[in-house]
Amino acid sequence: MASHEKSNGGISVAMERPGQWLLSQKIPTDVEVKVGKANFSLHKFMLVAKSNYLRKMVIESKEVDLTRIDLSNIPGGPEVFEKVASFCYNIDFEITVKNVAALRCAAEYLEMTDQYCDDNLAGRTEDFLVQVAFPSVSGTILVLKSCEDLLPMAEDLKIVQRCLDVASAKVCKEAIFPSRSPSNWWTIELSVLNVAFFGKIIAAMQRRGAKALILAMAIITYAERSLPGLVRDHSGVGTKSPDINDSHSLDQQRELLESIVALFPREKAAFPINFLCCLLRAAIFLKASTNCKKELEKRVSSILEHVTVDDLLVLSFSYDGERLFNLESVRRIISAFVEKEKSVTVFSGDLQEACSAPMERVAKMVDAYLGEIAIYGELSISKFNAIATLVPKAARKVDDDLYRAIDIYFKAHPNLDEIEREKACSVMNPLKLSPEARLHASQNKRLPVRTVLHALYHDQLKLRSGMVSRDGPHPVATRSQVLADVSLVRENETLRSELMMMKMYVSDMSNPKSQGTTSSKGGPKKTTFFSSMTKTLGKLNPFRHGPKDASNIDDDVADVKKPRRRRFSIS
């Protein structure tokens, strides 16, 4: 089908054709029709022969000889009126799916109906709609697209409703029985519509019983093509840094995004989670309404067991991928999922089940996610712990992944003091580390000593109590390794004690008031100093107040011969 001919200076080249035809007949014109910025020199008798509206205007005019007519309000503007004039002069012109709706509206506006004149323009356009446009999906969609600029007349003439009925019926059939490849070609056809007409198509498809997955397919394509810089496709291929000023302002994009989310079917699992995360990131970036963001967060949390680390990273980072974008949404999504799983467990009455399989999958994903974001300097310990503690401890069979995330955080934040490191380690249970992870932890100088001692002391208790798993390493080899590790850690503790002694000695020397009772020679009593040191070191001994089962430990463990003093430092 031919497209519209482009205008040049407000009047298309084709507009000169009626004048050229008239000039060849040497019949002077007697009326000038103004349509916007274009002027047409025509004959009244040719116009009134087809248009009842113009006939009444000429008859009812107060002027004796009407020479100027203003038709600036005619649907379609100058380009459409040019074709109307051609029709009045019996000059051939082409009706297409792009101009048929405008010609039908113009015919109604000018009262060019079959009741006024046989085989008039209104009848011609109706025949074209039925015989050419409506039989195909593409033709119907293009007619509907052209109606966007013809409201409300296109709705009054039922052109819009007829297009919606035909298009929805054909699209539903095409979705079930594809007639060509790719099978989702019809979603691309629908994406040319504005969001109002697209929403009406979706509503019409719902009334016809279209499944949620079919509607979701159309909405995904529409969102990706309408917001190409903000919503990546679900394959993960897209622009990193969208240029949001190319075609729409932020306000327009925000309204468009909110309108798209409002079209979502009720089924929560209709959309892939990657698409939802991309859409949520766009909503946060565009500062969409709270209801819009909450709806997206609910949908993500409802299928969180299917999420991958990459999906959450899409949501967490800015479009340039260089900085953390939003962690509050991630926290709310995980929290909502955990609450939902707890409710399901209570409702089912299965209180013996510690955690469901989806919860365990989410816990593993959260630990891997923490390992990915741990390298960023703006991630504080409180934010790190806030996400780690969302998952119930029972959902982690082992804490190896969480230990890895903590270790990565320590590498990326080397200036943390001992208290801050202990705070970061508080989310991890050293007793739930695998033997390999405990061995690594015993050699990890980044961990606080208290955490290392906790893990190793537990190993020793398990060996003495005969609690080693049958599937674990050989008991003799494990016992030897743990005893060696305990000895080395004790050496580290001794070194720390000596350092503490030296610090306290220097502190006492610098503060005479704290030296206590002096001897007969005026110097400090050595017994007082060492007695205070003994009390201090006693508090530092992690084995002083061991657990209740410490009584089961044989004396030979406590009396292991201490090797030659050396500093234990393994990177």
Side-chain angles (χ1 to χ4, degrees), residues 1-3 96-98 100-101 128-148 158-228 230-239 256-257 259-279 296 299 302-303 306 308 311:
M1 294 294 181
S3 60
T96 67
V97 291
K98 293 183 178 181
V100 64
F128 185 91
L129 285 172
V130 174
Q131 298 174 13
V132 180
F134 290 159
S136 69
V137 174
S138 300
T140 306
I141 296 301
L142 289 177
V143 173
L144 185 59
K145 171 69 176 175
S146 67
C147 291
E148 294 174 2
K158 307 298 182 183
I159 300 176
V160 172
Q161 189 59 49
R162 292 162 67 190
C163 288
L164 292 174
D165 293 340
V166 173
S168 60
K170 291 186 176 296
V171 164
C172 287
K173 181 179 178 180
E174 187 66 30
I176 301 173
F177 306 105
S179 62
R180 69 189 203 199
S181 60
S183 58
N184 66 334
W185 64 269
W186 55 271
T187 64
I188 300 176
E189 299 286 343
L190 293 179
S191 65
V192 303
L193 299 171
N194 65 18
V195 70
F197 280 171
F198 177 76
K200 290 180 178 181
I201 287 283
I202 294 296
M205 292 174 65
Q206 285 179 316
R207 289 193 296 270
R208 291 182 178 275
K211 295 182 178 180
L213 291 177
I214 294 176
L215 301 177
M217 189 188 309
I219 293 173
I220 290 171
T221 303
Y222 188 85
E224 290 171 353
R225 294 176 70 88
S226 302
L227 300 167
L230 294 172
V231 180
R232 302 185 306 178
D233 59 42
H234 45 272
S235 65
V237 180
T239 57
L256 178 58
L257 177 61
S259 299
I260 291 173
V261 174
L263 298 177
F264 281 10
R266 293 182 179 180
E267 290 78 359
K268 299 293 184 182
F271 296 92
I273 198 165
N274 179 269
F275 170 75
L276 293 174
C277 289
C278 290
L279 216 59
L296 292 170
R299 288 180 178 268
S302 66
I303 54 174
H306 303 296
T308 65
D311 295 333

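The chain is numbered in sequence order, starting from 1.
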- Query: Heavy atoms, side chains only, cut-off 4.5 Å: are Met205 and Cys172 in contact?
  - Reply: yes
- Query: Taking C-beta and beyond as the side chain, do Pro265 and Ile219 meet within less than 4.5 Å on heavy atoms?
  - Reply: yes
- Sub-3.5 Å donor-acceptor pair from the side chain of Arg299 to the main-chain atoms of Glu267, do we have one? yes
- Message: Do Thr187 and Tyr222 make a side-chain contact, defined as non-hydrogen atoms from C-beta onward lying under 4.5 Å apart?
- Response: no
- Note on the structure: The salt bridge (charged side-chain N to carboxylate O under 4.0 Å, His left out) partners of Glu174 (sequence neighbours excluded) come to none
- Would you indicate whether the side-chain heavy atoms of Val143 and Ile159 approach each other to under 4.5 Å? yes
- Item | Pairwise distance OG(Ser138) to NZ(Lys170) - rounded to 0.5 angstrom | 11.0 Å
- Query: Is there a side-chain contact between Val231 and Ile260 (heavy atoms, below 4.5 Å)?
  - Reply: no
- So, does Asp165 use its side chain to make a donor-acceptor pair with the main chain of Arg162 at under 3.5 Å? no
- Taking every non-hydrogen atom, the tightest pair across Ala218 and Leu190: CB-CD1, 4.4 Å
- Message: Is it the case that atom NZ in Lys211 sees more than 12 heavy atoms from other parts of the structure closer than 6.0 Å?
- Response: no
- Pairs involving residues 159-181, ordered by first then second residue, that meet ring-ring contact (aromatic ring centres under 6.0 Å, His included) (sequence neighbours left out): none
- Message: Quick check for you: to the nearest 0.5 Å, what is the distance between Gln206 atom CD and Ile201 atom CD1?
- Response: 12.0 Å
- All salt bridge (charged side-chain N to carboxylate O under 4.0 Å, His left out) counterparts of Lys173, not counting sequence neighbours: none
- Item | Atom pair CG/OG1 of Leu142 and Thr96 - distance to nearest 0.5 Å | 9.0 Å
Show me the side-chain donor-acceptor pairs of residues 191-199 shorter than 3.5 Å, one per line, residues at least two apart or across chains.
{"residue": "Ser191", "atom": "OG", "partner": "Ile188", "partner atom": "O", "Å": "2.6"}
{"residue": "Ser191", "atom": "OG", "partner": "Arg225", "partner atom": "NE", "Å": "3.0"}
{"residue": "Asn194", "atom": "OD1", "partner": "Ala196", "partner atom": "N", "Å": "3.3"}
{"residue": "Asn194", "atom": "OD1", "partner": "Phe197", "partner atom": "N", "Å": "2.8"}

- Message: Looking at every non-hydrogen atom in both residues, tell me the closest pair between Phe264 and Leu279 and how far apart they are.
- Response: CZ-CD2, 3.5 Å
- Item | salt bridge (charged side-chain N to carboxylate O under 4.0 Å, His left out) partners for Arg207, two or more places apart | none
- Would you say the side chain of Phe271 lies within less than 4.5 Å of the side chain of Ile220, judging by non-hydrogen atoms? yes
- Exercise: identify the closest heavy-atom pair between Ala270 and Leu213: O-CD2, 3.6 Å
- Item | Minimum side-chain heavy-atom gap Thr140-Val137 below 4.5 Å | no
- Item | With sequence neighbours excluded, residues passing salt bridge (charged side-chain N to carboxylate O under 4.0 Å, His left out) with Glu148 | Lys145
- Mind listing the closest non-hydrogen atom pair of Arg180 and Trp185 along with its distance? NH2-CE3, 2.9 Å
- Item | From Lys200 atom NZ to Cys163 atom SG, the distance as rounded to the nearest 0.5 Å | 11.5 Å
- Note on the structure: Rounded to the nearest 0.5 angstrom, the OG-CD1 distance for Ser302 and Ile273 is 7.5 Å
- Task: Answer whether the closest heavy-atom distance between the side chains of Leu230 and Leu257 falls below 4.5 Å.
- Result: no
- Message: Nearest 0.5 Å, please: how far is CZ in Phe275 from CG in Asp311?
- Response: 13.0 Å
- Determine the minimum heavy-atom distance between Val100 and Val97, stating which atoms define it. CG1-O, 3.8 Å
